[in-house]
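The structure under discussion appears below in the form of structure tokens.
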Amino acid sequence: MDREVDRIARPWGGRTPYGRHRPWPARVDTHLSEGVVPEEVDRWVQAASILHSDGDAMDIAVRNDRIVGVRGRALDRVNHGRLGPKDLFGWQANGARDRLTRPLVREDGRLVETDWETAMGRVVSRSRRLLEERGPGSIGFYTSGQLFLEEYYTLAVLARAGIGTNHLDGNTRLCTSTAAEALKESFGCDGQPGSYDDIDHADVIALFGHNLAETQPVQWMRILDRLAGGDPPRLVCVDPRPTQVARRATVHLAPRVGTNLALLNALLHEVVRAGRVDTAYIAAHTVGFDELKARVAPCTPEWAEGVCDVPAARIREAAEILGTADRLLSTVLQGVYQSHQATAAAVQVNNLHLIRGMLGRPGAGVLQMNGQPTAQNTRECGANGDLPGFRNWQNDEHVADLARVWNVDPKTIPHYGPPTHALQMFRYAEQGSLRMLWISGTNPAVSLPELSRIRSILAQERLFVVVQDLFPTETAQLADVVLPAATWGEKTGTFTNADRTVHLCDKAVEPPGEARPDLDIFLDYARRMDFRDKDGAPLVTWHDPESAFEAWKRCSAGRPCDYTGLSHAGLRGGSGVQWPCNDQAPEGTPRLYGEGIAWAHPDLCESYGKDLVTGATVEVVEYRSSNPDGKAVLKAADYLPPHEEPGDAYPFQLTTGRTLYHFHTRTKTGRTPQLNAAAPDVWVEASVEDAQGLDAREGDLMEVATPRGSLHARLRVTDIRPGLLFVPFHYGYWDTPAGNAPDAGTPGRAANETTVTDWDPVSKQPLFKTAAAALRLLERSGGATSPAPTTTASAPHRTTDAPPTEGGRAARVTETADPTWDADTGSGGEGRGGEGSGT
Ligand SMILES: Nc1nc2c(c(=O)[nH]1)N[C@H]1C(S)=C(S)[C@@H](COP(=O)(O)OP(=O)(O)OC[C@H]3O[C@@H](n4cnc5c(=O)[nH]c(N)nc54)[C@H](O)[C@@H]3O)O[C@H]1N2
Ligand SMILES: Nc1nc2c(c(=O)[nH]1)N[C@H]1C(S)=C(S)[C@@H](COP(=O)(O)OP(=O)(O)OC[C@H]3O[C@@H](n4cnc5c(=O)[nH]c(N)nc54)[C@H](O)[C@@H]3O)O[C@H]1N2
Ligand SMILES: [Mo]
């Protein structure tokens, strides 16, 4: 039953075809270090992947107290045993030689090793002095979508009630703030309506700006298995690049970047015009249909063709598929969230589902995706721009309720305005009102837009920068204090994936040197700062992951993300569980809104919404009068042109994003031999005709320039939309000779040298996907090809020669099929993961 597969060359592995409404067969993917056999593994420790939002469950193999590999968990509802390339190989980074093992402090301009006492002493004395001299608004926290729930909750309590600052946000601002905002706009509250199991039941799957094949490869395996089985789904793909999703789609729409809203309005126009709406559902569960209908009335496919440069006939074809779907599943990700009119466009996907009544049933669901593994928890726990438990900062009762949970005066919790968003925090630091910034689990010196500006802000003398990371990142090099953190595999905690599945990750091995779990660092800070509640007792009453989880349960009780039915012990051994999980739903909840819209009532909702064009907050009075019964809100918006359009000096559109083999700023995947070799350096993608126009060929060294900055990259000629360039944003400077930033002598390599400081007015998510750029030939390649993978969206145009991406021996993975599964009859495998068959 076992097969050995090179999972760099064949990232999605072998197929296990299955039919509609059947359970997805299990297949266990295992990768162990060269020379280690399963019998030699001392123990297998339960975990789930933190290199994307899928939440692939796995066991970590431990031998001689070291991690030696991983194996998928067959009984888990999310992945049924499968793992993607980053899951299979990425754990090796834990053992990298340059892990931070001791705290560092800046002395005479240089970072030097020190002990925890000295490092924490500096953080605490600076915090105290700033609180005294400048007040809580001088301190900010910029955290992650990659820590554990217990850590975010602790951070949220100490920042919001301990320090009392409104300046706490996550890099989730760059990632899923639009997902959260779109859900709040339509349903009054964050919380993913759909489930991954919808893939088993849908007859149409629509992906909007989502390169699922590369960014959640395991759910793509699931779709590939359905495409290979009986009654396969039809795919609709909206993406300007020839992704694997696009190549397998029934209809691929490749719009000009930044025009998603125009395209979606045209799709809605067609669905409404053809009368393919569920009038009973609309009447029972929504408000705003007449307004939506009026707004999309002029948005004909011909009009959209002019804006999006997509043939009107193709738009009609897509609308026909979406309008006639029996069970429609849609997913939305960064091609929408980081593009122009992000929230307005994401909301139209919700609208499509609402007017078609496609919610809360197997196969009928929306996934406003997350990207980072634990982004959902950043949002739930209030470590981003929300209050914990999806409480509404504009609703005094919600603030009072939170104050009761924390036993503090409601006035302690800042709620005079929306919590500060990340780019605003950097602006405050630039202007000098923010004097201390504590950065945990994120690398803004590579991941934020306009890097020259970010570097200069972080390098300021007056700003005290604390960085908590695993590695000496580009950001850590600009810090005043560096705190070495333990990570996945070295600490225990829980997290929640994009379809609300909560997983436990147990500690498998000791962290290196003196590195500490993020939770321990935050708890230590709270203790040293001596934060108190209103009766003078310690504010933070927990001391380890399990007691932190129990504290969070009390905060989540009665809220949409109710965790009261979950526990560390209960999550150990079995499958992950989808929240809400409580007395009413002890097994968890596969889908939200099966019985109508639950959290949009004015007294319950997390947000009264915003104007989709200006971002202005709606007041309670207005919300109460327009939506007194708490139905879903159908919000319409008009298309506006992107802010930065190509012109004479910058004739191309530029977009940025990911490749299958790397995670973000490559701190882990760049230290993983198989993954690094698959995509070792930056490249730029351009179409055949654009390359010809510049007389440039595959592998030539190019300069990509915008008004903000430039980078050098080798050219990959692909089937990308003409006029559009793509640069992966993974490549920073830690593994270049320059080490940190480009200087006069070294050219830029990071995509964010070129991106613009601009954000969606509603979600405040930066626009990484739209800019105008110039492309220039610098040097002939002399026959060498670009370092771009050939298995992915960067696959070369058929006239271009490039050696295939392969991993060889080191990339071999064992795929073990479920012995009870019969591929010919499509039966067996029952009782494994998921909800099984039946609608
Ligand atoms: N391999 C890998 N997987 C990851 C990650 C990773 O770094 N590497 N990161 C994780 C995280 S945090 C995230 S947020 C997700 C992101 O996952 P995705 O959103 O799937 O990834 P991106 O490459 O950022 O963007 C997706 C697509 O948007 C398209 N696009 C660009 N501009 C537009 C536009 O204006 N309109 C439309 N319709 N499409 C456009 C691009 O061509 C690209 O194919 O991936 C997660 N998974
Ligand atoms: N141009 C462009 N820019 C983008 C994007 C894009 O598509 N285009 N996408 C944006 C998106 S969606 C995202 S999510 C961001 C990602 O941007 P970042 O968050 O900056 O990227 P990462 O490399 O994941 O950084 C995470 C850091 O946390 C560290 N780390 C990992 N595990 C732990 C842990 O357990 N504890 C601690 N303390 N540290 C840990 C890692 O070593 C790493 O330095 O980038 C954004 N920037
Ligand atoms: Mo992300």
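The figures here come from the full heavy-atom set of this structure, side chains too, leaving out hydrogens, waters and symmetry mates. Numbering of ligands and ligand atoms starts at 1, following listing order. Source: prediction; values computed, not measured.
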With a heavy-atom distance limit of 4.0 Å, tell me whether [X] approaches ligand 1 through its side chain, its backbone, both, or neither.
X: Gln216; value: neither
X: Thr215; value: both
X: Val336; value: neither
X: Asn211; value: both
X: His730; value: side chain

ask   = In terms of atom number and element, which parts of ligand 1 are under 4.0 angstrom from non-hydrogen atoms of His210?
value =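 Here the atoms of ligand 1 in question are 20 (O).
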For Ser339, atoms of ligand 1 separated by under 4.0 Å from a heavy atom =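 Close to Ser339: 34 (C), 35 (O).
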Shortest protein heavy-atom distance from [atom], along with the residue and atom involved:
atom: atom 9 (N) of ligand 1; value: Arg658 NE, 2.9 Å
atom: atom 39 (N) of ligand 2; value: Gly441 CA, 3.4 Å
atom: atom 31 (C) of ligand 1; value: Thr655 OG1, 3.3 Å

Answer with yes or no whether [X] contacts ligand 1, where contact means a heavy atom under 4.0 Å from a ligand atom.
X: Pro240; result: yes
X: Phe208; result: no
X: Thr659; result: yes

Taking the minimum heavy-atom distance to [atom], which of [options] ranks first?
atom: atom 6 (C) of ligand 1; options: His52, Lys769, His662; answer: His662
atom: atom 38 (N) of ligand 1; options: Leu207, Asn260, Val257; answer: Asn260
atom: atom 12 (S) of ligand 1; options: Arg666, Arg721, His664, Gln653; answer: His664

message = Is the distance from the ring center of His643 to that of His340 below 6.0 Å?
response =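 Between His340 and His643, which both carry aromatic rings, the centre distance is below 6.0 Å.
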message = Could you check, using the six-membered ring where one of them is a Trp, whether Tyr731 and His662 have ring centers closer than 6.0 angstrom?
response =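 Aromatic pair counts; centres sit under 6.0 Å.
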Are any of the N/O atoms on [X], whether in the backbone or the side chain, positioned under 3.5 angstrom from an N/O atom of ligand 2?
X: Asn443; answer: yes
X: Thr755; answer: no
X: Thr473; answer: no

request  = Tell me which part of Thr487 gets within contact of ligand 2: side chain, backbone, both or neither, using heavy atoms under 4.0 Å.
outcome  =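 Thr487 to ligand 2: contacts from backbone and side chain alike.
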